[in-house]
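Data block below; observations after.
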Amino acid sequence: MIWKRQIPILIVAVVGAITLFGWFVDQPGIQAFVDDDATQWYDILASFAIILGALNLMKLQIQKVARKKKGWPYSLVAIGGFIFAITAGFFIKGVDDSVAVWGAHVTTEGTVFKWMFDYMFTPMSATMFSLLAFFVASASYRAFRIRNFEATLLLVAGIIIMVGRVPIGSMVSSWFIMYIVVLSLGIGVNSWKKDKMITFGVVGVGVAIVTIAGMMTGWPIDQPEIFYLPTIQEWIYFYPNVAGARAIMIGIGLGIFATSIRYILGIEKSYIGE
Amino acid sequence: MKDKQFWMVIGGLSLAFLIYWFLGHPMFNANRIVMFLAIIVIGATLLYNIRMAERGEEFYLRPIPGLKAVEEAVGRSTEMGKPVLYVPGIMDMDQVETVAGVIVLGHVSKMTARYETSLNVPVSRSIVMKAAREACRESYMLEGRPDMFHEDMVHYLTDDQFAYAAGVNGIMVREKPAACLYMGKFYAESLILAETGNSIGAIQIAGTASQAQIPFFVTACDYTLIGEEFFAASAYLSQKPELIGGVRGQDMVKAGVITVIVLATLFRFLYETWGIGFDVVKLLTVQ
Amino acid sequence: MKAFTDLILKIGQVDRRWIFLVLAVVVFIPILIPIGMPIRATVTTKVVYDTIESLPENSNVLVSVEYSPSTKPENHPMTISILRHLFRNDHKVFVTCLWPDGQFMAQDALKQVAEEEFGKVYGEDYVFLGFRPGNEAVVKGIVSNIRKLYTVDVYQTKVDEIPLMAGVNKFSDFAFLFTSSAGYPGTIEWVQYAADPTGVPMSSGVTSIQVNEVMPYVQSGQMKGVLAGMPGAAEYEALIGQKGSATSGMDAQSIAHLVIVLFIILGNAAFFIERKRSRKY
Amino acid sequence: MSSTAILGAWIAVFLTLGIFSYLYKDNPFYKTAEHLFVGVSAGYWTSIFFWTQIQPNLFGRLWPSKEFSADTIWYKIYNGLSFFSSSVFPEGGIDKGHDMHLIYLLPFALGVMMLLSLIPKISWFARWGIAYTVGMAAGLRAYGYLNSNVIGQIKGTAASFADPNLPFFSLTSPSIFNSIVILVGTITGLLYFYFSREHKGVLGKVSKVGIYFLMISFGASFGFAVMGRISLLIGRFVDLIKYSGSEYLNATVWVLVIMIIILGYDAFKGSGKGTPVSEDAV
């Protein structure tokens with residue numbers, strides 16, 4: 001039991017305390033250990049963890065084939081892919097030592113490994129990512145709803161950023177936006193007062209004011225500033241957005257700090273499955 | 001002053017540190033004293049609240065709407081005779097969100113055991129698999145249904161982000177779960193999952209602290225636990241005193257942070273206008 | 001009027017594969033037939049440009065490449081433009097990677113800019129240190145002792161034998177840091193473990209999705225500006241006056257955004273009509 | 001164009017379109033691409049981490065070429081290993097510029113224990129190594145997040161209101177108005193995440209303002225997310241267009257046509273039996 005439980009907890013406590021308080025210790029020996037060797041060990045163990053993950057994966061795929069579970073032929077494809085990648089990684093370089101020695105081959109042009117990277121790994125991971133463009137589009141269409149005031153804010157901010165950030169946004173005249181504002185004001189007044197006359201009056205007056213102002217100033221595309229999309233976009237992104245993001249960030253920072261402290265003090269032991 | 005032991009230790013340590021400080025604090029990086037004090041003060045606040053909670057002090061936590069929905073979702077799956085899908089994120093146990101996700105999983109698996117609904121938990125890290133399996137096993141034992149627990153309900157897919165998302169997608173379209181719960185650390189795969197869940201008509205409840213993914217979940221899911229709400233939820237669900245105490249402690253620290261922001265603004269104003277006080281900005285710059 | 005609302009409702013129920021198709025078409029066509037819309041630089045992009053402009057000549061600049069091929073269209077044009085800017089101003093460039101595939105990306109960019117465009121000498125004008133695993137631990141390692149972490153460069157040459165590395169021992173020996181980043185580990189880790197503790201100025205080019213996570217750092221001055229996604233890259237290309245792949249993607253980007261906004265409006269129109277009708281009955 | 005490049009282009013196109021075919025429905029092309037991706041990436045990461053970390057930084061410190069002498073027992077073990085794999089353990093020790101550090105046997109042992117945990121009976125072997133990474137990450141993060149996410153942000157929020165050159169209102173440059181926006185937004189946003197009090201009365205109203213700021217922030221995130229995804233799609237299309245050229249033997253065109261024919265035939269056959277065509281992906 002002590003091996004399975006107490007020792008891991010002790011390791012976390014000691015290593016955590018050393019790395020945390022190592023920031024404050026002005027002593028070369030401890031500094032050197034904290035900054036260099038401790039991090040190196042971490043890197044090495046992280047690498048072993050990756051390999052463990054890969055082996056685990058293969059173990060599962062092989063089990064799937066052995067037990068002929070549903071879709072097992074695809075597992076054969078996965079195993080084949082793994083064997084191919086391992087062969088390119090460890091057994092066949094495809095070039096001789098003058099081009100790349102073992103170790104350098106994973107980053108050198110012309111090796112089998114690089115070929116695999118260019119024509120298999122790259123297109124697959126990039127396409128997986130870009131699939132999201134389609135899902136974003138359909139989410140915009142089918143899930144992005146004005147359910148309440150909060151959702152409206154989210155939506156409006158999102159649209160302003162989306163249009164204002166790209167070149168097309170700077171081609172939208174601020175006067176056009178002003179007309180839209182007047183119309184939305186009309187919708188708002190209508191649902192508030194429920195009186196067609198008042199709505200009509202508000203929209204009429206609004207349109208008249210905007211039109212007269214426009215004719216007097218000669219319709220400059222980016223004036224007044226507060227109705228020009230690229231400018232509004234920049235304001236939203238630099239101020240209200242940052243305020244919101246910062247509140248979240250401070251909260252997250254405190255949360256991570258608290259959890260880390262709990263790890264170090266041995267209060268939180270989830271990493272050993274408790 | 002209820003916790004005498006705590007205050008005595010704190011007092012003793014402070015005294016020891018003061019003596020050490022006035023002895024010329026050998027081997028101490030004095031440039032970082034502000035950070036050092038911050039760590040000690042915040043750490044002590046958290047610890048104090050955790051201890052209070054462990055001693056049986058009752059703390060109030062406001063209700064979180066998204067949490068009630070979890071029970072409804074599991075209930076609905078039972079009615080429909082469909083499984084519940086639970087995704088604990090794609091990162092390892094060293095991420096706090098994953099830990100919170102596994103805690104919430106413990107609670108969800110209690111419900112599925114009670115309702116006799118099947119549960120499917122695909123994971124993307126071998127360590128998470130072990131932890132999640134343990135959490136489920138324990139819940140099924142506690143609910144008196146060890147017969148319903150089988151190890152395969154928590155299964156490993158792959159470490160790779162998109163391969164994992166694709167795998168979970170496959171499970172969704174094949175098994176058509178009635179409830180999809182996403183609780184953990186997510187990156188770009190969040191929308192793939194949420195959108196597919198949407199398309200099969202599942203109730204979706206998400207919880208994450210990954211800022212960039214929250215809007216996707218907010219727009220595509222029925223309920224979303226935003227950032228800290230998610231952490232608070234895991235405390236709420238587990239009813240573990242150390243977690244509830246932690247939430248309470250963080251609330252106190254948050255109140256402290258707000259106070260410091262206000263005071264810092266004030267001091268900065270005074271400093272820049274009349275040169276009164278001290279330079280807050282310099283103080284807060286820790287190198 | 002009823003026919004119109006019926007139409008909107010009908011569109012609202014369309015199979016999502018039609019939405020996929022529409023998006024594919026509106027992205028595809030402007031790539032084939034570009035329009036060439038004018039590009040206007042935002043403040044945060046200008047700040048990055050000005051910061052690099054104000055570096056004294058021959059400064060040591062660390063460029064960290066943390067993205068994989070999957071976000072190449074966003075990050076790669078930034079890396080290329082930044083390298084062009086740095087080499088044009090005769091700075092010394094050191095390249096590291098926190099992501100293993102970042103190494104390939106960096107190699108690609110260095111080959112194109114340093115070798116082919118500027119004819120810079122390896123080991124004298126720039127060094128390619130490559131990838132080390134360990135995430136934030138690597139950042140910390142670079143801050144404390146870069147030589148312990150990088151005993152050899154990418155080409156397995158010992159770092160002690162590289163002339164440019166003379167006198168470069170830790171992060172504070174650099175005048176500026178630029179990271180081209182797509183997630184964890186990346187910009188945030190550099191702010192937390194490198195820029196904040198040492199005070200070395202840094203800027204970053206990030207994928208669009210990351211922008212919001214790093215904005216508070218930019219606003220508070222912990223970072224000097226930021227390049228936000230492909231449009232940010234296009235703006236930087238406009239600032240240094242050398243057009244690249246980001247600029248050529250901007251037309252498709254603009255039109256796709258417009259179409260998505262249209263989707264949102266249509267989708268919500270359907271939603272409202274439906275709600276109104278279900279209330280009536 | 002070399003034949004390997006052409007072959008590569010065809011494979012790349014097949015995989016790209018195979019994954020895109022998921023948008024139509026879950027189908028064998030997609031499943032093949034998906035599983036291939038799983039296998040290849042597992043092998044890819046294993047190779048990358050082995051060759052960039054374990055071999056140079058672990059083995060390179062245990063058996064450096066600097067201190068190589070064939071007579072010692074230590075290097076006799078090395079020669080034994082070298083017999084099995086001369087690529088990992090080249091003759092004469094590993095030359096990565098390291099000195100010998102036998103203390104690295106410790107992480108080596110922890111790492112080997114991690115791998116041994118694949119054997120179910122001793123699966124707890126992995127815990128020690130994991131405990132090390134957890135402890136280290138906890139120590140690093142506690143400091144980093146507190147400094148940058150909390151103290152740094154407090155500093156950023158406590159803006160200057162005394163600067164006489166600061167205008168009261170300006171939209172995109174620093175102004176008193178914008179400083180107030182930041183101050184109010186941050187504080188009310190923080191109060192939304194205050195859990196130990198019910199959100200009623202003043203706190204209720206204030207936290208309501210807070211959630212508005214949070215929503216604007218999420219809206220901005222959404223906008224940026226859309227932007228990013230479109231950019232990536234543009235990148236994929238540019239590649240597909242490149243591979244449709246005659247120097248790649250029109251790979252894109254051919255693969256696309258063949259896939260459409262097969263999927264179309266399948267759909268046609270399926271609808272003949274009266275089953276829904278696209279029960280999967282819709």
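Within every chain, numbering begins at 1; the chains are lettered A, B, ... in the order of the sequence lines, protein sequences first and strands thereafter.
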Quick one: are D:I151 and B:M35 in side-chain contact, heavy atoms under 4.5 Å?
yes
Sort out for me which of B:V247, B:T196, B:I226 touches chain D most, counting heavy-atom pairs under 4.5 Å.
B:I226
According to ring-ring contact (aromatic ring centres under 6.0 Å, His included), who are the partners of D:F50, at least two apart in sequence or on a separate chain?
A:F90
Can you run down the ring pair (Phe, Tyr, Trp, His ring centres under 6.0 Å) pairs that involve residues 206-240 of chain D, sequence neighbours left out, and say none if there aren't any?
A:F144-D:F222, A:F149-D:Y212, A:Y237-D:F224, B:F216-D:F222, C:F28-D:F237
With a 4.5 Å heavy-atom cut-off, do B:R62 and D:Y194 have their side chains touching?
no
Verify side chain to side chain contact (heavy atoms under 4.5 Å, CB included) between B:R32 and D:Y143, making sure each step is shown before the conclusion.
CA-CA 11 Å; B:R32 289 179 177 154; D:Y143 185 93; 3.3 Å; yes
So do the side chains of D:F195 and B:K254 get within less than 4.5 Å of each other, counting heavy atoms only?
yes
Got a second to check how far D:S217's OG is from B:I214's CD1, nearest 0.5 Å?
9.0 Å
I'd like to check B:K130 versus D:S117 (side-chain heavy atoms, cut-off strictly below 4.5 Å). Are they in contact?
yes
Checked B:V262, B:I42, B:N169 vs chain D; the most non-hydrogen pairs under 4.5 Å come from B:N169
Pairwise side-chain contact, D:Y192 with B:E229, heavy-atom cut-off 4.5 Å (strictly under)
yes
Assess the residue pair D:E198 and B:Y60 against the criterion (side chain to side chain contact (heavy atoms under 4.5 Å, CB included)); give the C-alpha distance rounded to whole Å, side-chain angles, the decisive distance to 0.1 Å, and a yes or no.
CA-CA 9 Å; D:E198 194 149 8; B:Y60 173 81; 3.1 Å; yes
